[in-house]
Amino acid sequence: MTASYASVGEGHRRHTGQNRPAARVDPLAARRAPDDPPWDVYLTGDVFLDIVFTGLDSAPVRGTESWARGMGSSPGGVANMATALARLGLRTSLAAAFGDDHYGEYCWDALEHGEGIDLSTSRTVPGWHSSVTVSMAYEGERTMVSHGHEPPPEEPAPESPHARAAVASLTPGRSAPWIAQAASRGTRVFADVGWDDTGAWDLAGLTDLEHCEAFLPNAEEAMRYTGAACPRAAAHALTAHVPLAVVTLGAEGAYAVDRRTGESAEVPAIAVEALDPTGAGDVFVAGFVTGTLADWPLADRLAFAGLTAALSVQEFGGSLSAPGWSEIAAWWRKVQSVQGQDPEALQRYAFLERLLPTLLPEAEDAAPWPLRRAVPTIGFGRSA
């Protein structure tokens, strides 16, 4: 796979300072200027080691043993989003805590050396073990079991680096000071949210939403937060709180409303056979952020985000299933060659025809990497 990589500063952790690949595919090349921020996107959050079992015929049954036909290991958690952004050519900075165990070593190497993600604001915590998630994929769904502990706080709390954009995961009832700090510096903040375990579903509890440019919940979350009867009405209601609302509709696709322009758009999902849906939501957000920073029309951003998510679920492993430009180009060439394609569906992705020729020549002489999907075990060797 070919992706875009940027030279990054030295980190303060082991294995930093090695040569990294030069930039290859850059969707923002035409918009870059000498006074730009050093990073396109900033992320912070928890990194997990994901162990994914696939090929299960059904959910595990209590008291029995189930055998999976496939297995993969890859960095997970916030690493899903970071990898998806990097593979789409965005210069990505990640601040996270890593354990000093073998799992932490593997995740660090996979992200820094395998994907070209800047980890100079990340840290290794001595004596703290990595968080782990075991994910079981079956019938197009997944069941997960996780274990981990909160890392000790970093003192003093680091400032977020200057970036064009940031992706934040909002937590009901809890504020993250870095979000307001980043927004005050001109960073465009894109927010998603997890399930509200308190059951309150109160938008007032999402205090950092006021600092965000876009909010990307799924249909159920959007309806619960707004009380709307359908996800499209929920998207419109959310624009009273954030300029741009994007609601994912599962198998139906996605719907978005931009309060600033009055524009709305809806794009259906691409029908694919899903091997593992782990990380698909993160890949969708990464695709939408890429299109937004590149100033694409709203409908094109939705279509691109849905396409990248659809390509990701056809591989196992959350982060390492994220597609790059080579796979996007291969998909476009393939659908164009299939007889009997719906002309309307082809027209929906016609923007790729204009986009890909401007990007892919940059990568013709590049080494084919990042190179791999999720691996069965981390014991075969390091990713560096």
Side-chain angles (χ1 to χ4, degrees), residues 42-48 76-78 80-81 95-97 131 133 135 141-151 153 157 160 165-184 187-260 264 277-282 284-285 288-289 305 309 318:
Y42 168 76
L43 299 168
T44 185
D46 297 327
V47 172
F48 285 69
V78 72
N80 295 338
M81 181 79 69
S131 300
T133 291
S135 176
E141 296 295 338
R142 59 178 177 163
T143 297
M144 297 182 293
V145 178
S146 298
H147 173 72
H149 302 280
E150 288 286 333
S160 62
V167 181
S169 184
L170 304 184
T171 302
R174 186 186 304 174
S175 178
W178 74 264
I179 297 176
Q181 178 193 84
S184 69
T187 298
R188 304 164 71 176
V189 182
F190 297 74
D192 61 14
V193 68
W195 190 259
D196 187 354
D197 291 328
T198 69
W201 297 102
D202 182 4
L203 280 170
L206 302 180
T207 55
D208 289 322
L209 192 59
E210 65 176 305
H211 306 297
C212 299
E213 173 173 325
F215 185 40
L216 299 94
N218 63 34
E220 184 68 19
E221 293 160 351
M223 289 188 291
R224 286 180 178 265
Y225 271 117
T226 62
C230 76
R232 293 161 187 82
H236 284 274
L238 286 171
T239 59
H241 305 272
V242 66
L244 178 58
V246 181
V247 177
T248 54
L249 309 174
E252 294 183 40
Y255 182 81
V257 183
D258 191 329
R259 182 185 69 204
R260 297 162 299 191
S264 64
T278 304
D282 296 317
F284 180 95
V285 174
F288 190 83
V289 170

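Positions are given from 1, in the same order as the sequence printed here.
- Closest approach of A96 to G45, counting heavy atoms only: CB-O, 3.4 Å.
- Here CG of L170 is found 10.0 Å from CG of L203. Values are rounded to the nearest 0.5 Å.
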Can you give the donor-acceptor pairs under 3.5 Å from side chains of residues 223-230 to other protein atoms, not counting sequence neighbours?
residue : atom : partner : partner atom : Å
R224    : NE   : E220    : OE2          : 2.7
R224    : NH2  : E220    : OE2          : 3.3
T226    : OG1  : A222    : O            : 2.8
T226    : OG1  : A228    : N            : 3.2

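- Interatomic distance, L206 CG to S175 OG, rounded to the nearest 0.5 Å: 10.5 Å.
- Other residues, nucleotides and ligands contribute only 12 or fewer heavy atoms inside 6.0 Å of the CZ atom of R174.
- Nearest heavy atoms, A305 versus F288: CB-N, 3.7 Å.
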Side-chain polar contacts of residues 238-255 - donor-acceptor pairs under 3.5 angstrom, sequence neighbours left out - could you list them?
residue : atom : partner : partner atom : Å
T239    : OG1  : H236    : O            : 2.5
E252    : OE1  : R232    : NH2          : 3.3
Y255    : OH   : H236    : NE2          : 2.8

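- Looking at M144 and T133, their side chains come closer than 4.5 Å, going by heavy atoms from C-beta outward.
- Here N218 contributes atom CG and W195 contributes atom CH2; the two are 7.5 Å apart, rounded to the nearest 0.5 Å.
- Taken to the nearest 0.5 Å, the OG atom of S169 stands 8.5 Å off from the CD1 atom of I179.
- Atom NE2 in H211 sits 9.5 Å away from atom CG in L209 (nearest 0.5 Å).
- A95 and T44 make their closest contact through O-OG1, 2.9 Å (heavy atoms, listed as atom of the first residue, atom of the second, distance).
- Between the CD atom of E221 and the CG atom of L216 there is a distance of 10.5 Å, given to the nearest 0.5 Å.
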